[in-house]
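What you see is a predicted model; the values in this text were computed from it and never measured. Here, residue 1 is the first one in the sequence, and each next residue gets the next number.
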Amino acid sequence: STSTSTSTTTATTRWTQPSGVDTGIVLANSLSKARRDRLVVQDPQRVLWYQCGPTVYDKAHIGHACTYVRFDIVRRVLQNYFNLGIVQVMNITDVDDKIINRARELGISAQELARKFEAEFRQEMATLGVLPPTVLTRVTEFIPAVINIISGIMARGHAYRVEAGSVYFDTAAFGERYGKMEPERVAAEAAVHVRDTHKHEKRGPLDFVLWKAAKPGEISWPSPWGPGRPGWHIECSAMASILGNQLDIHSGGCDLSFPHHENEIAQSESYFGSSQWCNYFLHSGHIVTRSNEKMSKSLGNTISIAEFLKAFTPDQFRVFCLLQRYRSDIQYSPELMAEAVGVDTRLRRFLSRVRHQAGVQVSREYTSEDGDLLLRLSEARRVVDAALRDDCNTPLAMKAILGLVQDANGYIDRTSKLTEPLAAVGEYVRRMTTVFGLRYEGHITAGDASVSGWGAPSDGSSSNNSAKSEVGADVGSSQVDRARAHATIQKLVQFRGQVREMAMRMTGSEKAALFKLCDDVRASLSKSDTDVELQDSRDAPATWRFNDKRGVAR
């Protein structure tokens, strides 16, 4: 890795190469016109990654599983092959129109429904061998943060309240910066919907809701704009904010690119006053049917994870994902699953053959065939390394590994002995399958996904899991502490706001004394280890954010 302090800009101004440490890895960055950019991170041992999680209103299907397993593979490659320290936050959307409507159908509360399917999702992710995130968050636990961010956006003039009590993001006020992710699609959507704007309460065709006014019988929370609940997009900005005002990586399915990620970028950059809230957006492809339809519940063409796992193993599904680029659509078919099963079997049998040779004394008699096998191992290492640096090209890496396995099997057939070259090949294949998350020989890496790692906490609160890189550095504890501090500071800021409102209604020395106390609290926060920047407003609640000594939120 090399340090870079200069930024280069692509053909458009929508993405600028960040300053930091160049990892030597190329990623397919959806923010960039080139879509292939060098991964430059702020801190190689604290790579800040936000992953869009599920809306828990029904059983998860293999389309969902494909997204989470594919990004798990990318994460493992960055963490366990390139030794980057990953700090990952993933959300659970546990309040949403779909959840409310489904709960009504079943005659249960929205919370009961969400907790049921969240528990199923956690268990299925553990079964599939997906690493648990460093911090797993729920929307309902971030309502104060949502209100704080919306207030900050309104203070910048980028949002407005309508008569019914909802709050919308004003894309026109935000200006030309809106549309970084998909400018062509934004223009097309604006043209299509401009004629319908008068039918809605929002001002512009691309404006989107930040706060939904409460409807009778729906779950809601108090806010400065009246009772309601968060809009879909603002939820992720609030939950990602525990990582600070600058993300290294944000990931999700390709269907989230617009409008969800587009709107996340706009509202986050408005709130933080930044020009590039996230440096790299990664999008995974879908599983599609033979007729190229996306697997979705609305089309009724899904296969639940539980149903799928009756026929195939988690490792076979992971091999299925490894044989395709993570960003490409996969056509699900019996033929492709049969190929994955075959590859899984070949790898298992090879590792078993090498293991069975372990009791044989290692031969020290070298032949030209030994030299040839070592050369093939060296070439496979080179190809795999180049492939993984190229946007985690697992199909090419797997092809090289399978070619090496074929050569080594032939070597065993001809020599019937364990040699140091064969042992080296066996160890390399074992290591790479472990890097990819294949659980052969019962081997699990440090910080791997155990059922306890995904298990729902007994107190019902969000889960915090300390992630470790292969070199053993703890990279998650500081972010977990930050998440806890966030909630405490939010309560303090709200209490201080109530004291200021009381002072505004007073006169004389008592008013001055209360304002001085509020100023002292703000000064104390700014000088503390957390280094909180707090800004007051006459017309809206105070806004705040973490800063370090360089002015960058941590």
Side-chain angles (χ1 to χ4, degrees), residues 23-25 72-84 129 131 315-316 318-323 326 340 342-448 468-472:
T23 63
I25 303 163
D72 182 67
I73 292 166
V74 175
R75 177 184 173 185
R76 286 172 180 274
V77 168
L78 295 180
Q79 180 171 295
N80 297 331
Y81 184 81
F82 292 112
N83 291 320
L84 298 177
L131 288 167
D315 281 336
Q316 289 166 350
R318 188 168 287 258
V319 170
F320 171 77
C321 294
L322 283 163
L323 295 177
Y326 76 87
V343 169
D344 176 69
T345 300
R346 286 164 62 190
L347 290 170
R348 285 180 182 275
R349 285 180 177 171
F350 170 70
L351 291 172
S352 178
R353 291 187 80 183
V354 174
R355 188 167 63 249
H356 287 320
Q357 297 279 351
V360 180
Q361 185 176 1
V362 176
S363 172
R364 300 285 182 180
E365 297 177 7
Y366 286 94
T367 66
S368 61
E369 203 162 22
D370 296 322
D372 289 343
L373 186 60
L374 285 174
L375 286 174
R376 293 189 184 102
L377 172 59
S378 178
E379 177 62 11
R381 285 179 178 273
R382 184 193 66 77
V383 172
V384 169
D385 185 79
L388 297 183
R389 290 182 186 278
D390 181 18
D391 193 33
C392 199
N393 187 343
T394 57
L396 183 55
M398 288 291 286
K399 181 179 179 182
I401 291 169
L402 291 170
L404 179 62
V405 166
Q406 182 177 354
D407 292 338
N409 274 327
Y411 177 91
I412 295 172
D413 292 339
R414 291 187 297 272
T415 62
S416 298
K417 63 182 180 181
L418 181 66
T419 62
E420 287 182 344
L422 179 59
V425 170
E427 174 56 27
Y428 177 70
V429 173
R430 186 207 60 78
R431 176 179 179 251
M432 291 312 304
T433 56
T434 300
V435 164
F436 292 148
L438 294 167
R439 293 177 284 187
Y440 298 160
E441 303 176 319
H443 188 87
I444 299 177
T445 57
D448 209 342
K468 294 190 178 183
S469 73
E470 210 169 54
V471 296

Could you give the side-chain donor-acceptor pairs of residues 405-412 under 3.5 Å, partners two or more places apart or in another chain?
| residue | atom | partner | partner atom | Å |
| --- | --- | --- | --- | --- |
| D407 | OD2 | R376 | NE | 3.4 |
| N409 | OD1 | R353 | NH1 | 3.1 |
| N409 | ND2 | V405 | O | 3.4 |
| Y411 | OH | D370 | OD1 | 2.2 |
| Y411 | OH | T419 | OG1 | 2.7 |

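Here the CD1-CG distance, from I73 to L322, works out to 4.0 Å after rounding to the nearest 0.5 Å. With values rounded to the nearest 0.5 angstrom, D344 atom CG is found 5.0 Å from Q316 atom CD. From R349, atom CZ reaches atom CG of L347 across 11.5 Å, with rounding to the nearest 0.5 Å. Expressed to the nearest 0.5 Å, how far CD of E420 lies from CD of E427 amounts to 13.5 Å. Rounded to the nearest 0.5 angstrom, T415 OG1 and E369 CD are separated by 6.5 Å.
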Apply side chain to side chain contact (heavy atoms under 4.5 Å, CB included) to the pair F436 and I401, showing each step before the final yes or no. CA-CA 12 Å; F436 292 148; I401 291 169; 3.9 Å; yes
Are F350 and L404 close enough, and set up right, to give a side chain to side chain contact (heavy atoms under 4.5 Å, CB included), and what steps lead you there? CA-CA 11 Å; F350 170 70; L404 179 62; over 6 Å; no
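Taking all atoms of both residues into account, the shortest heavy-atom contact from T394 to C321 is OG1-O, 4.4 Å. Residue R431 comes nearest to N80 through the heavy atom pair NH2-O, 3.7 Å, listed as atom of the first residue, atom of the second, then distance. Among all heavy-atom pairs drawn from V77 and C392, the shortest one is CG2-SG, 3.8 Å. Pairing each heavy atom of A387 with each of A397, the nearest pair is CB-N, 3.9 Å. Shortest non-hydrogen contact noted between G437 and D315 is O-OD1, 4.2 Å. Counting all heavy atoms, side chain and backbone alike, A400 lies closest to A380 at O-CB, 4.2 Å.
Side-chain atoms of N393 come within 3.5 Å of backbone N or O of L396 as a donor-acceptor pair. The closest donor-acceptor contact from the side chain of R430 to the backbone of L351 lies at 3.5 Å or more, if one exists at all. For the pair S378 (side chain) and L374 (backbone), a donor-acceptor distance under 3.5 Å is absent.
Using a 4.5 Å heavy-atom cutoff, the side chains of F82 and I25 are in contact.
D72 and Y326 are not linked by any side-chain donor-acceptor pair at a separation below 3.5 angstrom, with hydrogens and angles left out of the test.
Scored by the side chain to side chain donor-acceptor pair (under 3.5 Å) test, D385 finds Y81, R389 as partners (sequence neighbours excluded).
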